[in-house]
K.L.:
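Quick one: the structure is below, and I'll ask about it shortly.
Since we're looking at a predicted model, the values are computed, not measured.
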Amino acid sequence: MEGVLMTAHFGSCLCGTVSFEVTGDFESFYLCHCQHCQKDTGSAHAANLFSHSATLVWQSGADAVTCFTLPGTRHHKCFCKLCGSALPSTQIAGLLVVPAGCLDTEIPMLPTAHIFSSSKAVWDEGLEDVPKFEGLPG
């Protein structure tokens, strides 16, 4: 692919121990509302980018990356052993899954879709009407 520029995305964990580069493009960006994603993010949904062609290179802290697979399911999560931040996963052969929040560079696309919406948290409705603060409210 000489002469072809590949898109580069950079990311890291919260404590800065782990850093990585993803080279290539993402095909999809899903907001997953399944109960497993709610549990492992502690939030209303997970926000993950997917690619069948991009490559992942750990730039630092590869030894601090660990992965967990929920027994009896295809649900898995890779994270930093030190701070717990979600990190990219290659647990499914031929598929790179990158949590959107761990990227330090701008995400080049809007979410493709909400998935597992039948499991959506009850409190994840009408959020546009909730008051907004630019920082922690006093």
Side-chain angles (χ1 to χ4, degrees):
M1 288 181 122
E2 192 174 320
V4 176
L5 285 175
M6 296 295 288
T7 305
H9 310 278
F10 298 91
S12 59
C13 67
L14 181 62
C15 71
T17 299
V18 180
S19 63
F20 61 89
E21 179 180 358
V22 173
T23 303
D25 296 316
F26 299 111
E27 288 105 34
S28 55
F29 180 4
Y30 292 118
L31 303 178
C32 182
H33 295 270
C34 80
Q35 291 178 337
H36 299 318
C37 284
Q38 289 177 34
K39 285 283 187 187
D40 80 21
T41 64
S43 189
H45 58 76
N48 291 308
L49 296 145
F50 293 80
S51 180
H52 292 284
S53 59
T55 58
L56 169 68
V57 175
W58 299 110
Q59 294 180 319
S60 67
D63 57 338
V65 178
T66 192
C67 298
F68 169 77
T69 299
L70 186 62
T73 73
R74 296 186 307 165
H75 185 83
H76 61 274
K77 176 181 183 173
C78 293
F79 55 95
C80 172
K81 292 178 193 178
L82 302 174
C83 67
S85 294
L87 293 167
S89 169
T90 56
Q91 299 296 299
I92 298 173
L95 181 65
L96 174 63
V97 180
V98 179
C102 71
L103 288 176
D104 298 323
T105 50
E106 205 170 291
I107 297 171
M109 61 194 301
L110 292 174
T112 308
H114 290 269
I115 59 174
F116 292 95
S117 59
S118 62
S119 301
K120 189 173 183 175
V122 174
W123 51 268
D124 190 20
E125 293 290 338
L127 297 180
E128 59 279 350
D129 298 329
V130 175
K132 295 169 182 61
F133 300 93
E134 289 193 25
L136 189 62

K.L.:
Taking side chain as C-beta onward, heavy atoms only, is Leu87 less than 4.5 Å from Cys80?
P.N.:
yes
K.L.:
Side-chain heavy atoms under 4.5 angstrom apart, residues restricted to Ile, Leu, Val, Met, Phe, Trp, Tyr: same cluster for Leu49 and Ile115?
P.N.:
no
K.L.:
Spell out, as yes or no, whether a donor-acceptor pair under 3.5 Å connects the side chain of His9 to the backbone of Gly24.
P.N.:
yes
K.L.:
Just to verify, what does Thr55 make a side chain to side chain donor-acceptor pair (under 3.5 Å) with, not counting sequence neighbours?
P.N.:
none
K.L.:
Please examine the side chains of Cys37 and His75, heavy atoms only from C-beta on, and report whether any two atoms are closer than 4.5 Å.
P.N.:
yes
K.L.:
For residues 96-114, please give each side-chain donor-acceptor pair under 3.5 Å, one per line with the distance, not counting sequence neighbours.
P.N.:
unit_1, atom_1, unit_2, atom_2, d
Asp104, OD1, Ser12, OG, 3.3
Asp104, OD2, Ser12, N, 3.3
Asp104, OD2, Ser12, OG, 2.8
Thr105, OG1, Phe10, N, 3.1
Thr112, OG1, Phe29, N, 2.9
Thr112, OG1, Phe29, O, 3.4
His114, ND1, His33, NE2, 2.7

K.L.:
If I take atom NE2 from residue His76 and atom CG from residue Leu70, how far apart are they, to the nearest 0.5 angstrom?
P.N.:
11.5 Å
K.L.:
Measuring from atom CG of Leu56 to atom CH2 of Trp58, what distance do you get when rounded to the nearest 0.5 angstrom?
P.N.:
5.0 Å
K.L.:
For Cys32, give me all partners under disulfide (SG to SG under 2.5 Å), at least two apart in sequence or on another chain.
P.N.:
none
K.L.:
Quick check against the 3.5 Å criterion: does Thr17 have a side-chain atom that pairs as donor or acceptor with the backbone of Gly61?
P.N.:
no
K.L.:
Answer with yes or no whether the hydrophobic clustering places Phe50 together with Ile92; edges join I, L, V, M, F, W, Y residues whose side-chain heavy atoms lie under 4.5 Å apart.
P.N.:
yes
K.L.:
Return a table of donor-acceptor pairs under 3.5 angstrom between the side chains of residues 118-137 and protein atoms on other chains or two or more places apart.
P.N.:
unit_1, atom_1, unit_2, atom_2, d
Lys120, NZ, Asp124, O, 3.4
Lys132, NZ, Glu128, O, 3.0

K.L.:
Rounded at 0.5 Å granularity, tell me how far CZ in Arg74 sits from NE2 in His36.
P.N.:
10.5 Å
K.L.:
Answer yes or no: does atom CD of Gln35 have more than 12 heavy-atom neighbours from other residues, nucleotides or ligands under 6.0 Å?
P.N.:
no
K.L.:
Please check if the side chain of Ser51 supplies one atom and the backbone of Asp25 the other of a donor-acceptor pair under 3.5 Å.
P.N.:
yes
K.L.:
Which heavy-atom pair separates His45 from Leu31 by the least distance, and what is that distance?
P.N.:
CE1-CD2, 3.8 Å
K.L.:
Any donor and acceptor pair, going by atom type alone, linking the side chain of Lys81 with main-chain N or O of Asp63 inside 3.5 Å?
P.N.:
yes
K.L.:
In chain order, what residues pass the disulfide (SG to SG under 2.5 Å) check against Cys67, with sequence neighbours excluded?
P.N.:
Cys78
K.L.:
I'd like to check the ring pair (Phe, Tyr, Trp, His ring centres under 6.0 Å) partners of Phe79; sequence neighbours left out, ordered by chain and number.
P.N.:
none
